[in-house]
Structures are given as C-alpha cells and as structure tokens.
Amino acid sequence: MSQSVKNSTENIAQQLKGRDLLELNDYTPEEITYLIELAIELKKKQKSGEVFQPLKGKTIGLIFEKSSTRTRVSFEVGMYQLGGHALFLSKNDIQLGRGETVGDTAQVMSRYLDGIMIRTFGHDKVEELAKYASVPVINGLSDLAHPCQVLADYQTVYEHKGKLQGLKLAYIGDGNNMAHSLLIGGAKLGVHVSIAGPEGYEPDAVVVAEAREIAKGTGANIVITRSPQEAVQDADVIYTDVWASMGFEEEQLAREAAFKDYQVNEALVALAKSDYLFLHCLPAHREEEVSTGVIDGPNSVIFDQAENRLHAQKALMAALMG
C-alpha cells in the first residue's frame, strides 16, 4: 500500500469514528468502499482464527421494534467477536414502548452505552434517536432504508465479481426500503441499478431523484421501469424481496395480484448474463417472488449474502465505535 493510499484510508477511518449510519446517502463513495473492504478484511481474520477485539469493554444496545433473524444474530455475534457486549432490547423491555419519548430514551441510553442500533418502522424515530443520542446510532432497518443489509449485499457482489463499478443490478419487486438503499448504494458505488415493479409500488420519488443526482458523479445509470424484462436484460446481479414486507401483511392478497407478473423465475433470468448472481435479503417465499429453481440454483449466493451481514455489521461497529 502506497503512503498516499495509507494516509487516505487512515483519514477515512478517523472521519467515521463516532458517526451515525442512518442512510447511505450520508456517506461518501470512499467511506462506503472503506466499510466494504474492512468487512472483507474482518471476514478473513475470522476465517483464519485471528482474534481481533477493538471493542473490548464496550456495549451496544439493540432496540428491536421489528423482529429479526439476521439483524439480531449478526449484531450480537459480531459484537461478541469484536470483544464487546450486545444488549437486546425489545419494545417490551424498555419504556420506549410505554410512552417515554425517543429523546429521553436516547439521552439516558447514551449514558450507559457506546452505541445504539435500532430496527423500527418510521424513519423519523431513527432520526430523532440520532438527534438526541451522544453515541453512534445505526439504522438496523426502517421503512425508508436498510443500509446494513445493502453494505452486506455490495460486499457479496464485490467478492464474487471482483468489482462494483459498471456492473448492472436489477431489482424486481416492491419499491421498499431495500430498493431505496440499493439505489443510493449503487449510485454511490457506480453500479447501474434498474428497478422494476407494478404501478403504485414504485420507489419513493425523492430517493430516486437523490440516486440520479449522485449517479451523475459516478457514472451509474438509474432506471425505473414497469418491465421486469427490461430491468433484467444483461444484468450482472438480480435481486428481489418479499412482496409484502413486515407491517404490510394485511395487503398480502392484493400484493400477490399486483406482483403476479414480477416473479423472478427461470424465464426471466434467462435474459441476464449467464454468470449473473441472484440475491435475496431473506426471508424468502419460494414460488411467490422467486421460483425454487432460481433461489436454490447455481447462480444463487443468498447464504454468502446472509453470512456477510455478520462481517458488514462488524465493520460498521468497529469503524463507528472503535
């Protein structure tokens, strides 16, 4: 590593200390790349059995207003491997669920903890928590964004493809928090992102405008279309998510009807490059948003992707709380 590159990396590391992660648009392309590279480095350390504990003696509080498998396990195991302690706090465990203000909760928890992760519904709660907390706040998921997942997603793509700049990622389905973070992350990293979904389920127009503005500086191309075939044509990566995300279960039947032509199946993926990667943030509903043959097929990397939640979250905690 040249001295200039080393200095740049050290500068980024200093810039990240004490920061929040609410959305990826708060971070520069260089900072996102640094986090991905750090995740890969920490993954190598773990695989080799090397002990790396920069957060020894530190504690992160994990607030869950939405249940989770990957988010909870990756943060708890990741914090343990980094030498620290993770404290699981469901909405029924703390007074936040009984009317205590977000601001009071943030200030009290900041006196006890070295960092806070929250997985919730409204993004305004994440922003308010960060406003009043004096320790780093990490958005583990909100209805607007899922930056922790997307760091692991782009890490996975980078590991399998050896690059990100210039690749095409097609996302098929609901224009939800996953679509939003893939758009912003892709635009930051120079990935061409095409989103296909039915009318009424488009990504937020403000997020799309932000992604297109960012893409002007990175060469990324942002496409929003009704046609899954257009989105998938010559794609390097195909991504989908459940049709009814958590909090929208009562819309399941209506969404099944709306998305019936948006299943990722063998006919659709035939339009992509032969070495395409299939990604899904999980949990998946086989034979709804994706066919069994695709998700369990040779191009699927969903378990590499799920594993990388651990390494991506370790990188995030080490960078922000170290």
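Residue indices begin at 1 and follow the sequence shown.
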So, taking the atom named [atom1] in [X] and the one named [atom2] in [Y], what distance separates them when rounded to the nearest 0.5 Å?
X	Y	atom1	atom2	answer
R119	N139	CZ	CG	10.0 Å
D174	E202	CG	CD	10.0 Å
Q233	L268	CD	CG	10.0 Å
N176	D143	CG	CG	9.5 Å
I118	M109	CD1	CE	8.5 Å
L151	Q313	CG	CD	7.0 Å

Kindly say whether [Y] contributes a backbone atom to a donor-acceptor pair with the side chain of [X] at under 3.5 angstrom?
X	Y	result
N299	S274	yes
E31	T28	yes
N177	S142	yes
K91	I63	no
D114	T59	yes
S300	G297	no
K188	Y27	yes
D20	V137	yes
S291	E287	no
Q263	E288	yes

side-chain contact (heavy atoms from CB on, under 4.5 Å) between L141 and T120: does it pass, once the steps are laid out? CA-CA 6 Å; L141 175 142; T120 188; over 6 Å; no
Six-ring centre of Y158, K163 cation under 6.0 angstrom, axis tolerance 45°: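 K163 over Y158 ring: no.
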Here's one to test your reading of the geometry: is the NZ or CZ of R72 within 45 degrees of the ring axis of F88 and under 6.0 Å from its centre? yes
Report yes if some heavy atom in the side chain of [X] is under 4.5 Å from a heavy atom in the side chain of [Y]; otherwise report no.
X	Y	answer
L87	I60	no
D236	L277	no
V193	K168	no
I32	Y154	no
M178	Y239	yes
Q155	K43	yes
L316	C148	yes
Y132	T101	no

If you group Ile, Leu, Val, Met, Phe, Trp and Tyr by side-chain heavy-atom gaps below 4.5 Å, do [X] and [Y] land in one group?
X	Y	result
L55	F52	yes
I40	L38	yes
V264	L169	no
L96	V108	yes
I195	V232	no

By the definition side-chain contact (heavy atoms from CB on, under 4.5 Å), identify the one residue from V191, V237, L189, I36 that meets it with V157.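 When V191, V237, L189, I36 are each tested with V157, the side-chain contact (heavy atoms from CB on, under 4.5 Å) holds only for V237.
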Looking only at side-chain N and O atoms, does [Y] offer a donor or acceptor that is under 3.5 Å from a partner on [X]?
X	Y	result
E256	Q252	yes
T240	E289	no
D153	Q305	yes

Would you call the rings of F259 and W243 parallel, tilted or perpendicular, taking 30° and 60° as the class edges?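 Judged by the thresholds at 30° and 60°, the geometry between F259 and W243 is parallel.
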Looking only at non-hydrogen atoms, find the nearest pair between [X] and [Y] and report the distance.
X	Y	value
T71	S74	O-OG, 3.2 Å
L144	H180	O-ND1, 2.8 Å
L22	P147	O-CG, 3.8 Å
H280	V290	CD2-CG1, 4.3 Å
Y34	A13	OH-CB, 3.4 Å
A106	A133	CB-N, 3.7 Å

Take a 6.0 Å sphere around [atom1] of [X] and say whether it holds more than 12 heavy atoms from other residues, nucleotides or ligands.
X	atom1	answer
F121	CZ	yes
E199	CD	no
K161	NZ	yes

Could you walk me through whether M317 and L82 pass side-chain contact (heavy atoms from CB on, under 4.5 Å), step by step? CA-CA 9 Å; M317 290 187 287; L82 292 171; 4.2 Å; yes
Show, in sequence, the C-alpha distance, side-chain angles and deciding distance for K58 and M79, and conclude whether the side-chain contact (heavy atoms from CB on, under 4.5 Å) test is met. CA-CA 9 Å; K58 296 195 174 186; M79 192 60 175; 4.1 Å; yes
Could you go through E65 and K125, starting from their C-alpha distance and side-chain angles, then the distance that decides it, and tell me whether this counts as salt bridge (charged side-chain N to carboxylate O under 4.0 Å, His left out)? CA-CA 11 Å; E65 295 192 321; K125 185 171 285 188; 3.1 Å; yes
Between K47 and E307, does the salt bridge (charged side-chain N to carboxylate O under 4.0 Å, His left out) criterion hold? Intermediate values first, please. CA-CA 12 Å; K47 296 292 186 185; E307 179 194 341; 2.8 Å; yes
Could you give me the CA-CA distance, side-chain angles and deciding distance for E50 and Q46, then say whether side-chain hydrogen bond (donor to acceptor under 3.5 Å, both in side chains) is met? CA-CA 6 Å; E50 180 181 345; Q46 191 232 351; over 6 Å; no
List the residues meeting side-chain hydrogen bond (donor to acceptor under 3.5 Å, both in side chains) with S90, not counting sequence neighbours, and say none if there are none. D93
Decide side-chain hydrogen bond (donor to acceptor under 3.5 Å, both in side chains) for Q95 and D104; before the verdict, give the C-alpha distance in whole Å, the side-chain angles of both, and the deciding distance to 0.1 Å. CA-CA 10 Å; Q95 298 298 326; D104 285 354; over 6 Å; no
Can you tell whether the side chains of R19 and D26 come within less than 4.0 Å, N to carboxylate O? no
